[in-house]
There are 2 protein chains.
Amino acid sequence: MTAEAAQGYDVRSARPKRADARRNYERLLAEARTAFTEHGTDVALEDIARRAGVGIGTLYRHFPNRTALIGAVFYGELDALLARSRELARAPQPCRALIDWLRAVIDHAGTYRGLSRAFLCAAAEGSAELTRCSEPIHRAGSALLTRAQQAGSVRADVEIADLMQLTNAIALAVEQSPGDPGLADRLLTLTFTGLKAR
Amino acid sequence: MTAEAAQGYDVRSARPKRADARRNYERLLAEARTAFTEHGTDVALEDIARRAGVGIGTLYRHFPNRTALIGAVFYGELDALLARSRELARAPQPCRALIDWLRAVIDHAGTYRGLSRAFLCAAAEGSAELTRCSEPIHRAGSALLTRAQQAGSVRADVEIADLMQLTNAIALAVEQSPGDPGLADRLLTLTFTGLKAR
DNA sequence: ACCTGAACACCGTTCAAGT
DNA sequence: ACCTGAACACCGTTCAAGT
């Protein structure tokens, strides 16, 4: 399902949204995106509603809670991340491609302050909005992981779920350490080579 | 400085606290500990004050913000973690000892829901209360790391700061995945062996 | 069917008054 | 010097009234 389809139809009734409802949905999404980018995902929802020119009640009608809104914004930006994975699936070094993609995931999570935390917490809550984001990400990562394993450059006993958990965790650590731009690379290198001496 | 000294003297004036102030401080700390254990670090501060039998203003007088309170509770429990590191410093396998200790750090962070997040965030905020906790932890970890490196079982280019960041991140991922008790072990094993095939 | 925003609930924090 | 708790500010969420 594309992002357009999700915007054009009511999720519950599966019927087309009324034109004004759809316009409000899109405005809220756009304002949420810029607000999250500027002030992080903890920004006041009332601000987002005001900037979108709708009442706070309308925001809640479209997005029952903050996580749902974060998930909807993130879902709309998945395409770039998935396109990058398809690109890297044809890169000459399968292992390098996997690491590069994990780095892209971390960078993307860093675009909104609070996103990676919401993502980690959502797994525990079982939020439908963020789960539908993590599924395509996992599939994309799985393809890159399998390719690197078949090339013999990555251990066969590594599972994508664990690797993504670790990547999310690194994204969070990186987000909390704004003064250390090289941290993401160092932690990914550590994950790749491991502690163990060769 | 011991925990007793911190309780018995006013931090700013370095003078002995009045007896009632000291008693209130200790009661707040004890109630915070149990409240954090039972309901996580997001528990209402008013509840802690009420259970300690003091006004909310008294809580704020002793602990200017939530992070300070979390830090004070955590500081009082550092001894167990540091004792474990001294024990492991004499264990036969230096590398195993390091991994076991990282596991202990993760387990300890898991005793309060929200602690590892507060810890990661505090690094960015530069909270004095939590920084004084991380220093002895880093020193203890550094000793174990150096020993494993000198034994030749851990790579020489690994730095303790990165390793602790990664460990904190794992602790957070583990906390957010209560349904997966084996996650901590799997992620630590992954950190140890690395993705790279041998 | 959808929008609005006043109203409610809740919680962190402060500070004037009291001991 | 310290304690108290009413008061304030802020924010998430709901829902009766309106279009």
Side-chain angles (χ1 to χ4, degrees), chain A residues 7-29 31-32 35-36 38-72 114 117-118 121-122 125 127 129, chain B residues 7-29 31-32 35-36 39-72 113-114 117-118 121-122 125 127 129:
Chain A
Q7 285 169 27
Y9 291 85
D10 183 80
V11 182
R12 308 186 69 173
S13 67
R15 287 193 308 181
K17 282 183 185 170
R18 222 168 65 177
D20 58 343
R22 174 166 179 170
R23 198 172 54 240
N24 284 339
Y25 179 95
E26 282 168 6
R27 278 182 184 164
L28 282 165
L29 212 54
E31 288 303 331
F36 288 165
E38 287 172 15
H39 307 106
T41 54
D42 284 337
V43 72
L45 296 183
E46 192 120 21
D47 283 5
I48 294 175
R50 192 167 353 98
R51 290 186 186 210
V54 302
I56 182 68
T58 303
L59 187 150
Y60 275 93
R61 162 165 269 266
H62 287 288
F63 308 98
N65 52 54
R66 171 169 250 119
T67 309
L69 184 55
I70 296 174
R117 195 186 69 199
C121 294
E125 295 167 14
S127 152
E129 289 82 5
Chain B
Q7 286 169 29
Y9 291 85
D10 182 80
V11 181
R12 308 186 72 174
S13 66
R15 288 194 306 180
K17 283 182 184 169
R18 222 168 65 177
D20 57 343
R22 172 166 181 170
R23 197 173 54 240
N24 284 339
Y25 179 96
E26 283 169 5
R27 279 182 183 164
L28 282 165
L29 212 55
E31 289 301 332
F36 288 164
H39 308 107
T41 53
D42 284 337
V43 71
L45 296 182
E46 190 120 20
D47 283 4
I48 294 175
R50 193 168 352 99
R51 290 187 187 209
V54 303
I56 183 66
T58 304
L59 187 150
Y60 277 91
R61 161 166 271 265
H62 288 289
F63 308 98
N65 52 52
R66 171 169 250 118
T67 309
L69 184 55
I70 296 174
R113 200 165 0 103
R117 196 186 69 200
C121 295
E125 296 167 13
S127 152
E129 288 82 4

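Just so it is clear: chains get the letters A, B, ... in the order the sequence lines come, proteins before strands, and each one is counted from 1. Scope of the values below: all heavy atoms of this structure, side chains included, with no hydrogens, waters or symmetry mates.
Across the strands present, C:dG18 finds its partner in D:dC2; the criterion is a Watson-Crick or G-U wobble pair with both atom distances under 3.5 angstrom. In this structure, C:dT13 and D:dA7 make a Watson-Crick or G-U wobble pair, each of the two defining distances being under 3.5 angstrom.
Counting to the nearest Å, the P atom of C:dC2 and the CZ atom of A:R27 are 16 Å from each other. The separation between B:L59 atom CG and D:dG5 atom C1' is 13 Å, rounded to whole Å. Counting to the nearest Å, the C1' atom of D:dC10 and the CG atom of A:D42 are 14 Å from each other. Taking atom CG of A:L28 as the reference point, atom P of C:dC3 lies 9 Å away to the nearest angstrom. As a whole-Å value, the separation of B:Y60 OH from D:dA7 C1' is 14 Å. Rounded to an integer number of Å, the gap from CD of A:E26 to P of C:dC3 is 13 Å. B:D20 has its CG atom 14 Å from the C1' atom of C:dG18, to the nearest Å. Atom CG in A:L69 sits roughly 16 Å away from atom P in D:dC11 (whole-Å rounding).
Contact check, B:N65 against C:dG12: no side-chain N or O comes under 4.0 Å of OP1 or OP2. Taking 4.0 angstrom as the limit, A:N24 places a side-chain polar atom (N or O) nearer than this to OP1 or OP2 of C:dC3. Between B:H62 and D:dC2 there is no side-chain N or O to OP1 or OP2 distance below 4.0 Å.
In terms of heavy-atom proximity, A:A49 sits nearest to A:L28 at CA-CD2, 4.1 Å. In terms of heavy-atom proximity, A:R51 sits nearest to A:E38 at NH1-OE1, 3.9 Å.
The 5' end of DNA chain D is approached more closely, in terms of each residue's nearest nucleotide, by A:E46 than by the other of A:G57 and A:E46.
Counting only heavy atoms from C-beta outward, the side chains of A:R27 and A:V54 never approach each other to under 4.5 Å. The closest side-chain heavy-atom distance from A:I70 to A:F63 is not below 4.5 Å.
Among the heavy atoms of the strands lying under 4.0 Å from A:I56 is at least one base atom, whether or not backbone atoms are also near.
Salt-bridge check for B:E46 with B:R50: failed, with every basic side-chain N at 4.0 Å or more from each acidic carboxylate O.
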